[in-house]
> 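Sharing a structure below in structure tokens format, with a few things to ask.
Chain letters run A, B, ... following the sequence lines, proteins first and then strands; every chain starts at 1. All values below come from the heavy atoms of this structure, side chains included, with hydrogens, waters and symmetry mates left out. Nothing here was measured: the structure is a model prediction, and the numbers come from that model.
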2 protein chains.
Amino acid sequence: MIDSTSGKETSATHAAYLSLREMILTGVLPAGEKLKIEQLRKLLETGASPVREALSLLTSDMLVERIDQRGFRAAPASRANFEEILNLRCALEDMAFRQSIAQADSDWEERLVLSHHRMIRAANKPNFEIAHKVFHMTLLSNAASPMLERYCSQLYDLNIRYRYLAAAAANYQRRDISAEHIDILNAAIGRNADVASKALLTHYRLTGAYLSKQLGDL
Amino acid sequence: MIDSTSGKETSATHAAYLSLREMILTGVLPAGEKLKIEQLRKLLETGASPVREALSLLTSDMLVERIDQRGFRAAPASRANFEEILNLRCALEDMAFRQSIAQADSDWEERLVLSHHRMIRAANKPNFEIAHKVFHMTLLSNAASPMLERYCSQLYDLNIRYRYLAAAAANYQRRDISAEHIDILNAAIGRNADVASKALLTHYRLTGAYLSKQLGDL
DNA sequence: ATGTCAATAAATATCGATTTTTTATCTGGA
DNA sequence: TCCAGATAAAAAATCGATATTTATTGACAT
């Protein structure tokens, strides 16, 4: 097949992976929902094989569950799961952040300042969301522990899912989140692990408490 | 296809998944090796689709890496990776074990005693290996944190891989491992988190040091 | 009404062939 | 000799069709 109009950058599988991931994270595909191949195939306008493979891949991110011989479903959501994510996230990010600080160097500091700058300068909501994740992952990026970073990234995304879940009932929270970010940044650059880690965890726990309230039942 | 001789219990994909997993863990498929579909298809006597899907699934376990458009390879092994696994394992199991102990009840204690009994009674090597993992996972099973347990299980398996890698040069270690297991069991039942956790981590670190020596270069 | 069993419908899993992409090989010119 | 570009071989990705399994429905006996 020759397609001169759109230079398709990636494989059909990868495209399906990204789309499905987005749809699950934002709740377009609701938690716990059965994911039927045929249905997704039509929705994404692609073949069954890429859909199937994308779903298998999403298993790694704990966004999709697979039951042998009876297909796939979006990972279920529950208050217990939300709290588990929050707790794990705090424990693992604490570990990663402290390791990052322990090995702090000027290169890392510069990457921190840069990612923070890009975050506060982000023009629109989607850009901010991306930059926000980049900033937080940069905080952990100096731990020299790729698997730990992968776990943290995974948990970050799983948490985002609950943000969208809570967003339905969203009324605004009165918190200066930019100030919290600056505190984290400064403590990191100051290389004070205890203060920095405390600022980071407070940042997460405050968001967690807010989300928990919004979630109501579940 | 009608096959009256062998009641095939599972799907081709699941069978392929188990075989490939085993082959990667034991080093039959060496770390870093390119995993060609056609080659594995013939080896496992199955179709390309099940192989492909099994490999995608193994991505979750961090046993296989996938690079878009250029296939799969067995996850590489390195000293750094080995040490990262050891450290993460100690941190995460410490957390899970302490949570388990904090919520200790007689049901858990009985499951501990039982799994320990089955381990020391295991008739042969493969049975012991399985029972050993069950015992260790049981230690963590009372944490009520499925994701944390999943991480620990994953890391346990990744560590086994290095055991096989080291086994090539294996000369025997002079350690009373059964005694270490009993210490862990007793401390857990005694609900003394500090002692129990220390016993567990020592158990891992001793094995880690031994393996590290065996690994030599890498 | 209720539970079981067969028949049907729906969905998953798998196969075999084709297309696309990557990798290896070859050739001619600087 | 060595590098660029073309060509051939190999492998990955994808498609469309078929086989298998699971889920649903409805008739029938209890």
Side-chain angles (χ1 to χ4, degrees), chain A residues 1-21 23-24 29-61 63-76, chain B residues 1-21 23-24 29-61 63-76:
Chain A
M1 189 254 256
I2 295 127
D3 183 348
S4 55
T5 58
S6 85
K8 69 178 209 172
E9 306 296 345
T10 59
S11 65
T13 295
H14 191 239
Y17 172 82
L18 292 178
S19 299
L20 289 171
R21 179 190 174 79
M23 288 195 283
I24 294 171
L29 294 173
E33 177 139 304
K34 183 87 211 292
L35 301 174
K36 298 181 191 167
I37 306 292
E38 184 60 15
Q39 170 189 305
L40 296 176
R41 196 194 63 67
K42 272 184 269 188
L43 185 64
L44 303 180
E45 295 176 302
T46 185
S49 307
V51 169
R52 197 152 239 291
E53 189 156 332
L55 289 173
S56 295
L57 256 16
L58 281 165
T59 277
S60 311
D61 306 331
L63 288 171
V64 165
E65 280 183 358
R66 177 184 187 279
I67 306 163
D68 203 53
Q69 229 98 6
R70 67 197 60 168
F72 302 87
R73 65 178 51 244
Chain B
M1 190 252 254
I2 295 131
D3 184 347
S4 56
T5 58
S6 84
K8 68 180 212 169
E9 307 295 347
T10 60
S11 64
T13 295
H14 190 239
Y17 172 81
L18 292 178
S19 299
L20 289 171
R21 180 190 174 77
M23 288 195 281
I24 294 171
L29 294 173
E33 176 138 306
K34 184 87 211 294
L35 301 174
K36 298 181 191 167
I37 306 293
E38 184 60 14
Q39 170 188 304
L40 296 176
R41 197 195 63 66
K42 271 183 269 186
L43 186 64
L44 303 180
E45 296 176 301
T46 184
S49 307
V51 169
R52 195 152 242 290
E53 190 155 331
L55 289 173
S56 295
L57 257 15
L58 281 165
T59 276
S60 311
D61 305 332
L63 287 171
V64 165
E65 280 183 359
R66 177 185 187 280
I67 306 163
D68 203 51
Q69 229 100 7
R70 65 197 61 168
F72 302 87
R73 66 177 51 244

> Write out all pairs satisfying side chain to side chain donor-acceptor pair (under 3.5 Å) with one or both partners inside residues 39-49 of chain B, taking only residues at least two apart or from two chains.
B:Glu38-B:Arg41
> Run the salt-bridge test on B:Asp68 and B:Arg66 with the 4.0 Å N-O cut-off and return the result as yes or no.
yes
> What pair of heavy atoms forms the shortest contact from B:Arg73 to B:Gly32, and how long is it?
NH1-O, 2.5 Å
> I need the CD-P distance between A:Glu53 and D:dT14, as an integer number of Å.
7 Å
> To the nearest angstrom, how far is B:Leu55 atom CG from C:dT14 atom P?
14 Å
> Take the protein atom CD of A:Glu33 and the nucleotide atom P of C:dA11, then report the distance between them rounded to whole Å.
13 Å
> What is the distance from atom CG of B:Leu43 to atom CG of B:Leu35, rounded to the nearest 0.5 Å?
10.5 Å
> From CD1 of B:Ile67 over to C1' of C:dT21, roughly how many Å is that when rounded to an integer?
14 Å
> Checking contacts here: which listed nucleotide (D:dA11, D:dA23, C:dT23) is nearest the side-chain heavy atoms of A:Arg70?
D:dA23
> When you compare the protein's N or O atoms with those of nucleotides 15-17 of chain C, which come within less than 3.5 Å of each other, and at what distance?
from	atom 1	to	atom 2	distance (Å)
C:dC15	OP2	B:Gly47	N	3.0
C:dC15	N4	B:Ser49	OG	3.4

> Taking all heavy atoms of A:Leu55 and all of A:Leu40, pick out the closest pair and write down the distance.
CD1-CD1, 4.0 Å
> According to a strict under-4.0 Å criterion, is A:Lys34 in side-chain N/O contact with OP1 or OP2 of C:dT12?
yes
> When you measure from the side-chain N and O atoms of A:Thr13 to the phosphate of D:dT14, is any distance below 4.0 Å, counting only OP1 and OP2?
yes
> Tell me the closest heavy-atom pair linking B:Pro50 and B:Ala16, and the distance in Å.
O-CB, 4.2 Å
> In whole Å, I'd like the distance from the NZ atom of A:Lys36 to the C1' atom of D:dT24.
12 Å
> Checking all strands, does A:Leu35 fall into the base, sugar-phosphate, or nothing category for heavy-atom contacts under 4.0 angstrom?
sugar-phosphate
> What are the two closest non-hydrogen atoms of B:Ile37 and B:Ala48, and how far apart are they?
CG2-CB, 3.9 Å
> Rounded to the nearest Å, what distance is computed from the CG atom of residue A:Leu40 to the P atom of nucleotide C:dA11?
12 Å
> In whole angstroms, how far is the P atom of C:dT23 from the CD1 atom of B:Ile37?
15 Å
> Atom CG of B:Asp68 to atom C1' of C:dT23: distance rounded to whole Å?
17 Å
> For the side chain of B:Gln69, starting at C-beta, report the closest nucleotide among D:dA23, C:dT21, C:dT12.
C:dT21
